[in-house]
Protein chains: 2
Amino acid sequence: MNAPHEETNTAPLSPGQTAELADMFRLMGDASRLRIVLACLDGPVAVGDIAARLGLSPSLVSHHLRLLRAGRILKATREGKQVFYAAADAHISRVVADMVAHVGETLRDGEIP
Amino acid sequence: MNAPHEETNTAPLSPGQTAELADMFRLMGDASRLRIVLACLDGPVAVGDIAARLGLSPSLVSHHLRLLRAGRILKATREGKQVFYAAADAHISRVVADMVAHVGETLRDGEIP
DNA sequence: TTAACAATTGAACAACTATTCATGTGTTAG
DNA sequence: CTAACACATGAATAGTTGTTCAATTGTTAA
């Protein structure tokens with residue numbers, strides 16, 4: 001699929017891909033939204049449960065969910081009165097989980113230069 | 001009811017870690033800044049070269065570089081008149097490259113390159 | 001039907017941010 | 001020394017955005 005030899009080169013991303021990537025990052029660049037995404041990684045969660053679990057108003061959660069849905073990061077599934085949100089697809093959930101795992105290792109421990 | 005899946009669950013991040021992660025995402029959530037980071041992944045690049053290569057004003061690039069430096073994503077090295085920027089450490093460059101690679105696979109429908 | 005519940009939506013506002021322009025700082029060449 | 005170069009910085013501004021509140025839509029139970 002890819003070039004046989006790969007170095008630590010700059011990822012050859014097209015301008016469109018770069019913009020798309022930046023969009024994805026921006027969506028998770030907000031703490032509330034990131035927490036919402038993380039809460040949805042395990043499996044489908046209802047809006048009310050997300051709000052209660054994170055201590056946010058249902059309205060705010062819904063606003064954020066709309067953005068995350070528009071960004072193809074989460075998908076919605078209605079079931080009765082409730083609407084469940086989960087990762088849009090397996091790729092997304094894997095990418096996000098991976099980013100979190102890697103950055104979790106990298107996070108600084110209050111080191112002051 | 002939900003069918004339990006055996007999936008990589010969400011990494012249990014502390015609130016502080018979550019905020020830090022969101023901060024890192026926010027830094028790369030801007031297209032200009034993301035391109036600057038990508039341009040620095042290969043190795044040390046001078047500010048002027050970044051600006052010329054990306055078609056941005058040196059002033060703007062410098063402003064962004066300050067944020068990226070404050071966010072421990074890039075580090076600066078002075079050499080004569082020029083200042084070279086590169087990934088703050090190996091971890092960062094690996095994390096970023098990995099995210100880019102993954103999202104590169106995930107990206108959908110094509111745009112004009 | 002009515003009533004309660006779950007979620008969405010719109011408006012309005014404060015806070016933040018990306019960009020530009022002008023100026024300032026440090027460095028090397030002449 | 002001065003002048004030119006490379007970058008940084010401060011202010012000012014236009015655009016964006018996260019949050020709250022009130023009202024609305026959709027769904028189920030009584």
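Lettering follows sequence order; numbering is per chain, from 1.
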Worksheet item: How long is the gap from CD1 on A:I50 to SG on A:C40, to the nearest 0.5 Å?
Response: 3.5 Å

Practice prompt. Return the value, rounded to whole Å, for the distance between atom CG of B:L65 and atom C1' of C:dA18.
Written response: 14 Å

Worksheet entry | Integer-rounded Å distance: D:dC5 C1' and B:R78 CZ | 11 Å

Fill in: Which nucleotide in D:dT19, D:dT9, D:dG18 has an atom nearest any side-chain atom of A:L67
D:dG18

Fill in: Shortest non-hydrogen contact from A:I92 toward A:I73
CG2-O, 3.5 Å

Fill in: Rounded distance (Å) that lies between atom P of C:dA18 and atom CZ of A:R26
9 Å

Discussion item. Starting the side chain at C-beta, find the nucleotide from C:dG10, C:dA22, D:dC7 nearest to B:S59.
Written reply: C:dA22

Worksheet item: Are side-chain heavy atoms of A:R33 and A:L68 found at a separation under 4.5 Å?
Response: yes

Worksheet item: Rounded to the Å, how far apart are A:L56 CG and D:dC21 C1'?
Response: 16 Å

Discussion item. The side chain of A:R33 is closest to which nucleotide in this list: C:dA7, C:dT19, D:dG18?
Written reply: D:dG18

Worksheet item: Can you tell me how far P of C:dC16 sits from NE2 of B:H64, to the nearest Å?
Response: 18 Å

Worksheet item: Less than 4.5 Å apart, any side-chain heavy atom of A:R69 and any of A:Y85?
Response: yes

Response to the item:
Rounded to whole Å, the CZ-P distance (B:R35 to C:dA18) equals 15 Å

Practice prompt. Select one nucleotide: of C:dA18, C:dT27, D:dA8, the one nearest the side-chain heavy atoms of B:K81.
Written response: C:dT27

Worksheet item: Which of these nucleotides, D:dT9, D:dG18, C:dA7, is closest to any side-chain atom of B:S62?
Response: D:dT9

Worksheet item: Quick one: is D:dA8 close enough that its OP1 or OP2 comes under 4.0 Å of any side-chain N or O from B:Y85?
Response: yes

Worksheet item: Is there a chain of hydrophobic side chains (I, L, V, M, F, W, Y, each step under 4.5 Å between heavy atoms) that links B:L38 to B:L27?
Response: yes

Worksheet entry | Selection from C:dA7, C:dT27, D:dA8 that lies nearest to any side-chain heavy atom of B:V47 | D:dA8

Discussion item. What is the separation between atom CZ on B:R66 and atom P on C:dA18, rounded to the nearest whole Å?
Written reply: 11 Å

Worksheet item: Given atom NE2 of B:H63 and atom C1' of C:dA22, what is their separation to the nearest angstrom?
Response: 11 Å

